[in-house]
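Working notes, beginning with the structure itself.
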Amino acid sequence: MFTALRKLIERETGLAVPAAHLTPRANLYELGLTSFDAIRLLLAVERAFGVEFPRESLKRESMATMEAIALAVGKRRAAPREASGLQRAA
């Protein structure tokens, strides 16, 4: 997952450090991630991993590191489908 995240970070953000040099715990905000970059990255992550982040989970710390992003994606993948309105009618 970190390889895919590095590619998304490289494409969607303007960090001062090449994404290939990022560690999973590197603070992206400290490396120059802006709020605009974070939104672009969030949308790219949703598309790439087929998840949708609910509004209440959108916090600065959710996008602060690759580790945090991976954790958020994992939680969304494990979340029940009814949370996104996809539950089947009985």
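Values in this document were obtained by computation on a predicted structure and should not be read as measured data. Worth knowing before you read on, the calculation uses all heavy atoms, side chains too, and leaves out hydrogens, waters and symmetry mates.
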Check: Who pairs with Lys75 by side chain to side chain contact (heavy atoms under 4.5 Å, CB included), at least two apart in sequence or on another chain?
Finding: Leu71
Item checked: By side chain to side chain contact (heavy atoms under 4.5 Å, CB included) - contacts of Ile39 (at least two apart) -> Leu43
[X]: which residues meet the salt bridge (Lys or Arg N to Asp or Glu O under 4.0 Å) condition with it, sequence neighbours left out?
{"X": "Arg6", "answer": "none"}
{"X": "Arg55", "answer": "none"}
{"X": "Glu30", "answer": "none"}

Next item on the list: Specify the closest pair of heavy atoms between Ala19 and Glu10, including all atoms of both residues, with the distance to one decimal.
Entry: N-OE1, 2.8 Å
Note to self: Test question: given the 4.5 Å side-chain rule for I, L, V, M, F, W and Y, name all other residues clustered with Leu5, or answer none.
What the structure shows: Met1, Phe2, Leu8, Ile9, Leu15, Val17, Leu22, Leu28, Tyr29, Leu31, Leu33, Leu41, Leu42, Val45, Phe49, Val51, Phe53, Leu58, Met63, Met66, Ile69, Val73
Notebook entry, point to check: Can you pull the salt bridge (charged side-chain N to carboxylate O under 4.0 Å, His left out) pairs that have at least one residue in residues 11-27, sequence neighbours excluded?
Noted result: Glu12-Arg40, Arg25-Glu67
Check: Any side-chain heavy-atom pair from Arg76 and Pro54 closer than 4.5 angstrom?
Finding: yes
